Amino acid sequence: MHAPIPLGDSAYRDGQTLRVPFTASQVDSALKVGLVDVLSAEDEQKLLDYYVGG
């Protein structure tokens with residue numbers, strides 16, 4: 001399963017490491033999805049609500 005995260009406030013550190021403003025615990029608790037190329041609008045909204053408030 002995958003746990004997509006918003007990348008709006010992320011940044012590359014040293015050109016190779018992507019840093020995101022969420023803890024591992026937050027990501028572990030988030031909505032999990034299978035191997036999909038596109039999130040449904042409903043799942044995308046759930047994730048945005050979870051991470052940034054909707």
Side-chain angles (χ1 to χ4, degrees):
M1 297 302 270
H2 294 276
I5 59 173
L7 297 177
D9 292 329
S10 61
Y12 275 99
R13 184 175 178 189
D14 67 28
Q16 296 181 351
T17 305
L18 181 65
R19 298 290 181 184
V20 296
F22 309 108
T23 65
S25 178
Q26 284 176 296
V27 175
D28 287 343
S29 298
L31 172 70
K32 305 295 189 278
V33 296
L35 295 174
V36 296
D37 291 334
V38 178
L39 290 174
S40 70
E42 182 180 326
D43 285 346
E44 184 176 349
Q45 188 60 53
K46 286 179 186 177
L47 286 165
L48 288 173
D49 290 345
Y50 174 78
Y51 282 111
V52 297

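The structure presented is a predicted model; accordingly, all values stated were derived computationally and were not measured.
- Put simply, Val27 and Leu18 are part of the same group of oily side chains (I, L, V, M, F, W, Y) that touch within less than 4.5 Å, one to the next.
- Looking at residues two or more places apart in sequence or on another chain, you find a side-chain contact (heavy atoms from CB on, under 4.5 Å) between Pro21 and Asp9.
- Exactly one residue among Asp43, Asp49, Leu39 makes a side-chain contact (heavy atoms from CB on, under 4.5 Å) with Leu31. That residue is Asp43.
- No side-chain heavy atom of Pro6 sits less than 4.5 Å from a side-chain heavy atom of Leu47.
- No side-chain heavy atom of Thr23 sits under 4.5 Å from any side-chain heavy atom of Asp28.
- Partners of Gln16 by side-chain contact (heavy atoms from CB on, under 4.5 Å), not counting sequence neighbours, listed by chain and number: Asp14.
- In terms of heavy-atom proximity, Tyr50 sits nearest to Ala30 at CE2-CB, 3.6 Å.
- Hydrophobic clustering keeps Leu7 apart from Val38 (ILVMFWY residues linked when any side-chain heavy atoms are closer than 4.5 Å, directly or through intermediates).
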